[in-house]
Amino acid sequence: MSVLEKTPPTAEPRPAPAREPRITDEHGRRVRVWELALRYLLLLGVLALTIGPFLWQLSTSLKGPTEDIFSSPPKFLPSDPTLHNYERVADTIPVWDYALNSLKVAAANVVTNCVGAALAGYALARLRYRGRRVATLVFILAMLVPVEGIIIAQFTTMRELGLNNTLVGVVLPGSVSALNVLLMRNAFLNLPYEIEEAAYVDGANVWQRFCRIALPSVKGTLAVVAIFAFMGAWDDFLWPLIVLSDPSKFTLTIGLNYLHGTFANDERLVAAGTIIAVAPLIALFACLQRYFFRGVGEGAVKG
């Protein structure tokens, strides 16, 4: 018998059993399948509540006059999309003039809030003076006062200043928001003091430390302030309605209100006007979203 015949055949190695994929969260802890499914169901529910009305308005604005917008079950995709409703909005009211007025007010509000909130936030966070805590408390208390409670005083002040029926009168009361000041204060508080101390030793004054060290480090929070200021000015309805009386100076929210009041039965026309009003906000957030989410965390550690 040869050696080959005496040697028993070697068994082939068995493949290792496949491991089930382990699902973990951001901290490395294991997440059960039912917990993950529940999270996704909740996210889908929130998404339907927040995005659903916007998608419905967008779908309605693209539907033609012969298409039923109240069909059951509802149809989100129009069978014959058209932009004729947007042309009708421009023919019915001077929507682009109103949009330009709103853009002027919103742009001015962004500039004044970014500059004023950055200066005030830096003074509350970094400068040493008597009454700093009292000043911070005043800004906190200002957030608790409802706008409706001071709107008569604001209107009287604008009238005494001769700013009624002007876009400046629309911008001035919201030029610096208390919330934005506190956001900038918290962002500046998170910066290490050692960096500014080193700059102070090198001979940098307060303005140089603010412009060259502190301000570039809180770009994310500035983006948050810019978005909040733009949204607040663009969506504001009550104050422009009170202070403006000349139709040529109306903002977009007031103009769309006239559209809804006159053509309330034409849902397609109202939906097209709503999309025109919302589109700039979506574009702004899309451009600043990465700064926005970074800025939310800049001021969230210290209070």
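Atom CZ of Arg132 has more than 12 neighbouring heavy atoms from other residues, nucleotides or ligands inside a 6.0 Å radius.
Note: the hydrophobic cluster containing Val111 does not contain Leu100 (ILVMFWY, side chain heavy atoms under 4.5 Å, direct or indirect links). No continuous path of ILVMFWY side-chain contacts below 4.5 Å connects Leu137 to Leu183, so the two sit in separate hydrophobic clusters. Cluster annotation: Leu241 and Leu172 are assigned to the same hydrophobic cluster (Ile/Leu/Val/Met/Phe/Trp/Tyr, side-chain heavy-atom contacts under 4.5 Å, transitive). At a threshold of 4.5 Å between side-chain heavy atoms, the hydrophobic network of Ile, Leu, Val, Met, Phe, Trp and Tyr places Val278 and Leu55 in one connected group. Under the 4.5 Å side-chain heavy-atom criterion for Ile, Leu, Val, Met, Phe, Trp and Tyr, Val105 and Phe237 are members of the same hydrophobic cluster.
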Which donor-acceptor pairs under 3.5 Å do the side chains of residues 43-54 make with protein atoms, sequence neighbours left out?
{"from": "Thr50", "atom 1": "OG1", "to": "Val46", "atom 2": "O", "distance (Å)": "2.8"}
{"from": "Thr50", "atom 1": "OG1", "to": "Leu47", "atom 2": "O", "distance (Å)": "3.3"}

Enumerate, atom names and distances included, each donor-acceptor pair closer than 3.5 Å involving a side-chain atom of residues 144-158, sequence neighbours excluded.
{"from": "Thr156", "atom 1": "OG1", "to": "Ile152", "atom 2": "O", "distance (Å)": "2.9"}
{"from": "Thr157", "atom 1": "OG1", "to": "Ala153", "atom 2": "O", "distance (Å)": "2.8"}

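Looking at residues two or more places apart in sequence or on another chain, you find a side chain to side chain contact (heavy atoms under 4.5 Å, CB included) between Ser102 and Trp234, Thr251, Leu252. Every residue two or more places apart in sequence or in another chain that forms a side chain to side chain contact (heavy atoms under 4.5 Å, CB included) with Trp96 is listed here: Ala90, Ile276. In terms of the side chain to side chain donor-acceptor pair (under 3.5 Å) criterion, Asn205 has no residue partners (sequence neighbours excluded). Taking the side chain to side chain contact (heavy atoms under 4.5 Å, CB included) definition, one finds that Asp80 meets it with nothing, sequence neighbours left out.
Nearest heavy-atom pair, Cys211 versus Pro216, reported as atom, atom and distance to 0.1 Å: O-CD, 3.3 Å. The two residues Gly273 and Leu256 make their nearest non-hydrogen contact at O-CD1, 3.4 Å. For the residue pair Ser245 and Asn165, the shortest heavy atom distance occurs at N-OD1, 3.0 Å. For the pair Ala178 and Ala142, the tightest heavy-atom approach, listed with the atom from each and the gap, is CB-CB, 4.1 Å. The nearest pair of heavy atoms linking Tyr98 to Pro247 is CE2-O, 3.3 Å. Across all non-hydrogen atoms, the minimal contact from Ser217 to Leu191 is CB-CD2, 3.6 Å.
Rounding to the nearest 0.5 angstrom, the gap separating the CG atom in Leu77 from the NZ atom in Lys63 is 9.0 Å. For the atom pair CZ of Arg159 and CG of Asn164, the computed distance is 7.5 Å after rounding to the nearest 0.5 Å. Within the model, atoms CZ of Arg268 and OH of Tyr86 stand 13.0 Å from one another, a figure rounded to the nearest 0.5 Å. One finds the CG atom of Asp236 at 9.0 Å from the CG atom of Asn109 (value rounded to the nearest 0.5 Å). To the nearest 0.5 Å, atom CG of residue Leu182 and atom CE of residue Met184 are 11.5 Å apart.
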Problem set entry | Derivation of the side chain to side chain contact (heavy atoms under 4.5 Å, CB included) call for Phe250 and Asn257 | CA-CA 11 Å; Phe250 283 170; Asn257 178 66; over 6 Å; no
For this session: Mind running side chain to side chain contact (heavy atoms under 4.5 Å, CB included) on Asn85 and Val89 for me, showing each step along the way?
Result: CA-CA 6 Å; Asn85 296 320; Val89 171; 5.7 Å; no
Exercise. So Asn186 and Thr221, side chain to side chain contact (heavy atoms under 4.5 Å, CB included) or not? Walk me through it.
Worked result: CA-CA 9 Å; Asn186 289 350; Thr221 307; over 6 Å; no
For this session: Decide side chain to side chain contact (heavy atoms under 4.5 Å, CB included) for Leu244 and Asn101; before the verdict, give the C-alpha distance in whole Å, the side-chain angles of both, and the deciding distance to 0.1 Å.
Result: CA-CA 12 Å; Leu244 296 177; Asn101 291 336; over 6 Å; no
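Gln57 is listed as a side-chain neighbour of Ile275, based on a closest heavy-atom distance under 4.5 Å. Considering only heavy atoms from C-beta on, Pro78 comes within 4.5 Å of Glu67 through its side chain. Side-chain atoms of Phe230 and Val225, non-hydrogen and from C-beta on, never get closer than 4.5 Å to each other. The shortest distance between side-chain heavy atoms of Pro280 and Leu284 does not fall below 4.5 Å. Looking at heavy atoms from C-beta onward, Leu222 lies in side-chain contact with Leu215 at the 4.5 angstrom threshold. A heavy-atom distance below 4.5 Å is found between the side chains of Leu163 and Thr166. Residues Thr136 and Phe139 form no side-chain contact, since every pair of their non-hydrogen atoms from C-beta on lies 4.5 Å or further apart.
Apart from Ile195 itself, the hydrophobic cluster it occupies contains Ile213, where clustering links Ile, Leu, Val, Met, Phe, Trp and Tyr at side-chain heavy-atom distances under 4.5 Å. Grouping Ile, Leu, Val, Met, Phe, Trp and Tyr by side-chain contacts under 4.5 Å, direct or through others, leaves Val201 on its own.
Among residues at least two apart or in separate chains, there is no salt bridge (Lys or Arg N to Asp or Glu O under 4.0 Å) pair with a member in residues 102-118. Contacts classified as ring pair (Phe, Tyr, Trp, His ring centres under 6.0 Å) and involving residues 114-136 (residues at least two apart or in different chains) are given here: Tyr122-Phe188, Tyr122-Phe210. Among residue pairs with one or both ends in residues 172-183, those qualifying as side-chain hydrogen bond (donor to acceptor under 3.5 Å, both in side chains) are Asn113-Asn180; sequence neighbours excluded. The list of salt bridge (Lys or Arg N to Asp or Glu O under 4.0 Å) pairs with a residue in residues 106-128, not counting sequence neighbours, reads Arg126-Glu196.
At distances below 3.5 Å, not a single donor-acceptor pair connects side-chain atoms of Arg88 with backbone N or O atoms of Leu269. Side-chain N or O atoms of Trp239 include none that pairs as donor or acceptor with a backbone N or O of Gly174 at under 3.5 Å.
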